[in-house]
Trainee: 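My questions all concern the structure below.
Counting convention: from 1, in listed order, for ligands and their atoms alike.
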Amino acid sequence: MESPFKAEILKGKVGLITGGRSGIGFEISTQFGKHGASVAIMGRRKQVLQAAVSALQSLGIHAVGFEGDVRKQEDAKRVIEPTFKHFGQIDILVNAAAGNFLVNAEDLSPNGFRTVMDIDSVGTFTMCHEALGYLRKGGHGRISTSGGPILNISATLHYTASWYQIHVSAAKAAIDSITRSLALEWGTDYNILVNGMAPGPIADTPGLSKLAPDEIKIQAREQLPSFHIGDKWDIAMAAVYLVSDAGKYVNGTTLVVDGGNWLYRPCRLP
Ligand code: HXC
């Protein structure tokens, strides 16, 4: 689908996207690039990372990839520093790296719980923490009045409760809290806007294939009148909005982009 935004809306910006090699992260990287930004993507596996970078470059996007695991502080540094060296600036950080699997609470080991907390919540904080010096406008180590923005990818699982997602619900709740705390502190100190986004079920993503096998999707469509699967494009457009100047007065919010799915209740009245 064609973008409703001007093609230069992110011109001259550099975005660093964790989990940028697949799913939502890759589409955000693509759309940032198509709107004028240069992008660095971070991922754990070199080979697939390189394939994603080549795909972005084939679209004419100035893209690089750096190997790293958001669970490791040294990896965060090892990705952020060369991104800055390569482009001379970092303007936008998107935390899209996530881990997930379906498991009931009884069978989930504490280490399984911790693994997802480490990737999603601690990883998000680590990346924000390590990138701060670069996101402050004026470059590393220099304090200035404007910088950022940061976008943290969350979910709606924890607004109520979700079956077999205790670890991810806890991790995403922590991300939403991190978003608000950083929006308060860094919004005040550095004018860095920190927002989140909570996608609903999005077609052709690792999340959907892991959490909703095809038979479940068909059932959901039949039983939930509001069930509507979104596209990666929907998420990327919302991301472009939030990190562009169009979103300059939005801070500390987590934008739900799910077509209203999370609101659904069966109607009990005739
Ligand atoms: C129960 C499991 C498990 C499973 C792993 N574990 N998979 N427990 N059921 N299916 C447990 C392990 O037994 C181990 O605990 C601990 O978790 C760590 O497992 P590892 O395999 O060593 O971890 P690792 O290799 O680091 O892999 C992390 C991962 C993996 C999260 C398990 O799936 C991954 O790398 N995922 C990244 C990609 C991904 O998931 N993307 C989807 C994001 S979707 P023990 O106790 O045995 O040591 C998404 C959507 C959000 O975020 C919401 C949408 C609505």
Trainee: Which protein heavy atom lies closest to atom 48 (O) of ligand 1, and at what distance to 0.1 Å?
Mentor: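 Here the closest protein heavy atom is N111 ND2, 2.9 Å.
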Trainee: Among protein heavy atoms, which lies nearest atom 23 (O) of ligand 1, and at what distance?
Mentor: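 Looking at atom 23 (O) of ligand 1, the protein heavy atom closest to it is T115 CG2, 4.1 Å.
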Trainee: Less than 4.0 Å between a side-chain N and a carboxylate O, is that true for D245 and K248?
Mentor: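 The answer is no: the pair does not qualify as a salt bridge.
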Trainee: Same cluster or not: I9 versus F32, using hydrophobic residues (I, L, V, M, F, W, Y) connected whenever any side-chain heavy atoms lie under 4.5 Å apart?
Mentor: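 Hydrophobic grouping puts I9 with F32.
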Trainee: When you look at V70 and I119, which way does the side-chain contact (heavy atoms from CB on, under 4.5 Å) test go after all the steps?
Mentor: CA-CA 6 Å; V70 295; I119 299 170; 4.2 Å; yes
Trainee: Test of understanding: given a 4.0 Å heavy-atom threshold, classify the contact between D120 and ligand 1 as side chain, backbone, both, or neither.
Mentor: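 Near ligand 1, D120 shows nothing, with every heavy atom at 4.0 Å or more.
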Trainee: What do you think, any protein heavy atom under 4.0 angstrom from atom 29 (C) of ligand 1?
Mentor: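 Given the 4.0 Å cut-off, atom 29 (C) of ligand 1 does not count as touching protein heavy atoms.
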Trainee: Is it true that Q89 and D91 share a donor-acceptor pair across their side chains at a distance under 3.5 Å?
Mentor: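 Yes, a side-chain donor-acceptor pair sits under 3.5 Å.
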Trainee: Under 4.0 Å from atom 1 (C) of ligand 1, do we find at least one protein heavy atom?
Mentor: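 For atom 1 (C) of ligand 1 the answer is yes, since some protein heavy atom falls inside 4.0 Å.
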Trainee: Using the ring of each side chain (for Trp, its six-membered ring), is H62 parallel, tilted or perpendicular to F87, with breaks at 30° and 60°?
Mentor: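 Judged by the thresholds at 30° and 60°, the geometry between H62 and F87 is perpendicular.
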Trainee: Have a look at ligand 1 and work out which part of N100, if any, has a heavy atom under 4.0 Å from it: side chain, backbone, both or neither.
Mentor: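 Within the 4.0 Å criterion, N100 contacts ligand 1 through backbone and side-chain atoms alike.
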Trainee: Distance below 4.0 Å between atom 45 (P) of ligand 1 and any protein heavy atom?
Mentor: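 When distances to the protein are checked, atom 45 (P) of ligand 1 has a heavy atom within 4.0 Å.
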Trainee: Compile the donor-acceptor pairs under 3.5 Å between side chains in residues 147-159 and protein atoms, sequence neighbours left out, one pair per line.
Mentor:
unit_1, atom_1, unit_2, atom_2, d
N152, OD1, N95, ND2, 2.8
N152, ND2, T179, OG1, 3.0
S154, OG, D176, OD1, 2.7
H158, NE2, D176, OD2, 2.6

Trainee: Does ligand 1 have any atom sitting under 4.0 Å from a heavy atom of R114?
Mentor: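 Heavy atoms of R114 never come under 4.0 Å of ligand 1.
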Trainee: Relative to ligand 1, is Q165 under 4.0 angstrom through side chain, backbone, both or neither, heavy atoms considered?
Mentor: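 It is neither part, as no heavy atom is under 4.0 Å.
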Trainee: Please evaluate residues I90 and L135 with respect to the criterion side-chain contact (heavy atoms from CB on, under 4.5 Å), reporting the C-alpha separation (whole Å), side-chain torsions for both, the decisive distance (0.1 Å), and the verdict.
Mentor: CA-CA 6 Å; I90 304 175; L135 291 169; 4.1 Å; yes
Trainee: Is there a side-chain contact between V53 and V64 in this structure, where contact means two heavy atoms from C-beta onward sitting under 4.5 Å apart?
Mentor: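 The answer is no; the side chains never approach within 4.5 Å.
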Trainee: How far is atom 25 (O) of ligand 1 from the closest protein heavy atom, and which atom is that?
Mentor: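 The protein heavy atom lying closest is R44 NH1, 4.5 Å.
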Trainee: Could you see which bit of T205 sits under 4.0 Å from ligand 1, with heavy atoms only: side chain, backbone, both or neither?
Mentor: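 It is neither; nothing of T205 touches ligand 1.
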Trainee: Going by heavy atoms in the side chains, are V48 and S22 under 4.5 Å from each other?
Mentor: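 In short, these two side chains do not touch, never coming nearer than 4.5 Å.
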Trainee: Should the pair H35 and F5 be assigned to parallel (<30°), tilted (30 to 60°) or perpendicular (>60°) ring geometry?
Mentor: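 Perpendicular, since the angle between the ring planes exceeds 60°.
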Trainee: Heavy atoms of the protein only: does one fall short of 4.0 Å from atom 15 (O) of ligand 1?
Mentor: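 Yes.
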Trainee: Please state whether R71 comes within less than 4.0 angstrom of ligand 1, counting heavy atoms only.
Mentor: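 Yes, that is the case, since the closest heavy atom of the residue is under 4.0 Å from the ligand.
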Trainee: Within the 4.0 Å heavy-atom shell around L157, which atoms of ligand 1 are there?
Mentor: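 Every atom of ligand 1 under 4.0 Å from some heavy atom of L157: 53 (C), 55 (C).
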Trainee: What is the nearest protein non-hydrogen atom to atom 8 (N) of ligand 1, stated with its residue, atom name and distance?
Mentor: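 The closest heavy atom on the protein side is F101 CE1, 3.4 Å.
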Trainee: Who's the nearest protein heavy-atom neighbour of atom 47 (O) of ligand 1, and how far?
Mentor: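 Checked against all protein heavy atoms, atom 47 (O) of ligand 1 sits closest to S109 OG, 4.2 Å.
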Trainee: I need the atoms of ligand 1 closer than 4.0 Å to a non-hydrogen atom of G207, numbered in the order shown.
Mentor: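 Contacts of ligand 1 toward G207, numbered from 1: 44 (S).
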Trainee: Can you pull out the closest protein heavy atom to atom 37 (C) of ligand 1? Residue, atom name and distance to 0.1 Å, please.
Mentor: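 The protein heavy atom lying closest is A98 O, 3.4 Å.
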Trainee: Identify, for atom 36 (N) of ligand 1, the protein heavy atom at the shortest distance, and state residue, atom and that distance.
Mentor: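 Of every protein heavy atom, K210 NZ, 3.7 Å lies nearest to atom 36 (N) of ligand 1.
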Trainee: Would you sort out whether D120 and T124 count as a side-chain contact (heavy atoms from CB on, under 4.5 Å), showing the intermediate values?
Mentor: CA-CA 6 Å; D120 292 27; T124 291; 5.6 Å; no
Trainee: Can you tell me which residue and heavy atom of the protein come closest to atom 17 (O) of ligand 1, and the distance to 0.1 Å?
Mentor: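 Closest protein heavy atom to atom 17 (O) of ligand 1: G112 CA, 3.2 Å.
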Trainee: Let me have the donor-acceptor pairs involving side chains of residues 231-240, under 3.5 Å, with sequence neighbours excluded, atom names and distances please.
Mentor:
unit_1, atom_1, unit_2, atom_2, d
K232, NZ, D204, O, 3.2
K232, NZ, D204, OD2, 3.1
W233, NE1, M1, O, 3.0
D234, OD2, D231, N, 2.8

